[in-house]
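Some notes on the structure that comes next.
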2 protein chains.
Amino acid sequence: MSNPRRGDSPKNSKTRIQARNEARILDAAQTVFAEHGFGGATVDRIAARAKMSKPNVHYYFKRKSDLYLAVLMRTLDIWLAPLKDLDPDGDPAQELRHYISRKLHFSRENPTASRIFATEILQGAPVLERYLGEDLRTLVERKAKVIRHWIDTGRLAAVDPYHLIFLIWAATQHYADFTPQVTAVMGRESLSKGEFERIEDSLCKIILDGLLPRGKA
Amino acid sequence: MSNPRRGDSPKNSKTRIQARNEARILDAAQTVFAEHGFGGATVDRIAARAKMSKPNVHYYFKRKSDLYLAVLMRTLDIWLAPLKDLDPDGDPAQELRHYISRKLHFSRENPTASRIFATEILQGAPVLERYLGEDLRTLVERKAKVIRHWIDTGRLAAVDPYHLIFLIWAATQHYADFTPQVTAVMGRESLSKGEFERIEDSLCKIILDGLLPRGKA
DNA sequence: AAATTATTTGACCGTTTGGTCAGGATCAAC
DNA sequence: GTTGATCCTGACCAAACGGTCAAATAATTT
């Protein structure tokens with residue numbers, strides 16, 4: 001009742017400086033962790049990238065592992081959002097097309113976030129392990145039921161829903177995680193917005209219609 | 001002519017001990033690099049895993065980077081072999097099915113080799129960059145022509161060959177690179193041989209036939 | 001078995017790492 | 001403009017790092 005600006009719990013306030021610097025550190029850390037993994041990243045490098053002194057980084061995040069955890073948590077929601085939106089009452093083709101589109105968009109807009117997850121999983125998911133087996137598993141289970149329902153009502157071919165979801169994850173995240181390989185093989189410097197539209201068309205066409213010609217043979 | 005057991009060039013011989021230890025070190029290094037990336041891996045850990053002293057590891061591989069390079073090179077051929085075998089004169093469906101099968105088999109038999117490549121690419125491919133833009137690019141270009149020929153002769157739907165290849169790479173390597181995520185989401189401890197057969201069926205069905213039901217609607 | 005070569009390691013070095021600390025600078029409230 | 005909290009940093013530390021070296025041990029050759 002005395003101070004209306006403060007939050008309800010004792011130490012819950014955030015200075016403008018605090019908010020700005022924490023964001024700057026998290027951005028820098030995301031890039032560095034994505035490039036070198038947890039073990040290969042150094043606090044010095046993160047500090048340099050955030051244009052701060054190392055002790056100042058430690059002022060906001062006591063340990064390197066806290067920083068790593070914070071980066072992972074910050075990106076979890078945005079990483080998951082597209083799957084959550086799969087609508088059981090929508091048209092299957094349209095829903096899946098939309099899902100692929102959103103996942104690809106995420107790859108284009110947040111490549112480092114995608115790489116953070118990739119390195120974490122590649123390294124055995126030491127931090128995310130529990131989360132994967134609980135929240136994510138439950139969510140995928142629910143969405144797999146949606147897909148199975150589409151199959152049971154004859155609107156989708158009979159495929160394993162889990163492996164379909166993995167296929168879409170793999171295909172869309174590939175363009176964020178393996179950018180150097182994709183650009184080198186294609187002989188480009190980077191992947192333009194137009195190229196991402198071509199990717200979306202190709203993926204949707206293959207996954208929905210398949211490679212074998214329709215209507216004949 | 002004096003010594004029949006030796007190789008032709010001066011220092012080209014390899015002791016049994018040498019061959020055995022180099023292999024042991026490379027195996028250990030492959031695992032450690034795959035788990036921690038180049039920067040996060042330590043020579044100590046590699047030595048411990050190979051059950052050797054650190055100086056002895058350096059006796060066989062002068063620098064950590066030499067070891068990393070050797071591990072990458074050792075797995076390049078086996079990683080590429082399946083794509084090389086795509087036969088222009090074969091049946092497209094059968095060739096692609098076979099390709100998917102072989103890539104999946106690689107994921108199952110050599111998961112750490114797959115992860116080595118994944119971490120290397122994720123970290124910007126500092127070592128493999130040149131190779132990707134030259135040898136790999138040429139190979140993929142050649143195989144893309146094969147696929148395009150199949151399309152032009154009406155045996156395959158019109159899709160971008162490059163993105164088709166990327167899709168197959170992504171989907172098959174996913175099961176090696178993201179094992180913890182796959183097992184956690186599926187609620188399994190590991191992926192059995194039977195599960196890999198299910199994966200192969202699912203992938204081939206989706207990629208060849210598509211998700212939308214055929215023959216009706 | 002003696003001599004030569006190949007293999008192995010404990011001890012060590014200079015550097016980098018994550019993390020601390022005392023104190024200075026800056027800000028907000030009165 | 002004084003006060004108290006927040007913010008920032010140079011200097012520092014113990015541990016871990018990649019890498020070296022002399023000396024010991026094991027194989028191999030003669």
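Being a predicted model, the structure only gives us computed values, none of them experimental. Reckoned from all heavy atoms, side chains included, excluding hydrogens, waters and symmetry mates. Note on naming: letters A, B, ... go to the chains in the order of the sequence lines (proteins, then strands), and numbering restarts at 1 for each one.
- Remark: P of C:dT17 and CG of A:D44 are 6 Å apart, rounded to the nearest angstrom.
- Nearest heavy-atom pair, B:H36 versus B:A41, reported as atom, atom and distance to 0.1 Å: CB-N, 3.6 Å.
- Relative to the side chain of B:V43, the nucleotides D:dT9, D:dG18, D:dC7 differ in distance, and D:dG18 lies closest.
- Sequence order on DNA chain C of the closest nucleotides to B:R16 and B:P55 puts B:R16 first from the 5' end.
- Per the geometry, CZ belonging to A:F61 stands 15 Å off C1' belonging to D:dC7, to the nearest Å.
- The phosphate of D:dT6 (OP1 or OP2) has no side-chain N or O of A:Q18 nearer than 4.0 angstrom.
- Among the atoms of the strands shown, base atoms are found under 4.0 Å from some heavy atom of A:K54.
- The listed nucleotides are C:dT9, C:dG18, D:dG18; the one nearest the side chain of A:H58 is C:dG18.
- A:A41 comes within 4.0 angstrom of sugar-phosphate atoms only, judged by non-hydrogen atoms across all strands, and of no base.
- Side chain of A:K62, nearest nucleotide from C:dT7, D:dC17, C:dT20: C:dT20.
- For A:N21, no side-chain nitrogen or oxygen approaches OP1 or OP2 of D:dT6 to under 4.0 Å.
- Distances were taken from every side-chain heavy atom of B:Y60 (C-beta onward) to each of C:dT7, D:dT9, D:dC17; the shortest belongs to C:dT7.
- In this structure, the OH atom of A:Y59 is 15 Å from the P atom of C:dT26, given to the nearest Å.
- Closest of all the heavy-atom pairs between A:R137 and B:A184 is CD-O, 3.3 Å.
- The CE-P distance, from A:M52 to D:dC7, rounds to 11 Å in whole Å.
- Inspection of the B:T179 and B:R115 side chains reveals an N or O donor paired with an N or O acceptor under 3.5 Å.
- The OH-P distance, from A:Y68 to C:dG18, rounds to 15 Å in whole Å.
- When the nucleotides D:dG19, C:dG18, D:dC8 are ranked by their closest atom to the side chain of B:R63, D:dG19 comes out on top.
- Ion pairing between a basic and an acidic side chain is recognised when a charged N comes within 4.0 Å of a carboxylate O; B:K205 and A:D160 show no such pairing.
- Side-chain contact check for A:Y175 and A:E195: no donor-acceptor pair (N or O, by modelled atom type) lies under 3.5 Å.
- Across the protein-nucleic acid pair, A:D66 atom CG and C:dT20 atom P stand 10 Å apart, rounded to whole Å.
- Distance B:F38 CZ to D:dG18 P: 9 Å, rounded to the nearest Å.
- The separation between A:N56 atom CG and D:dC7 atom C1' is 7 Å, rounded to whole Å.
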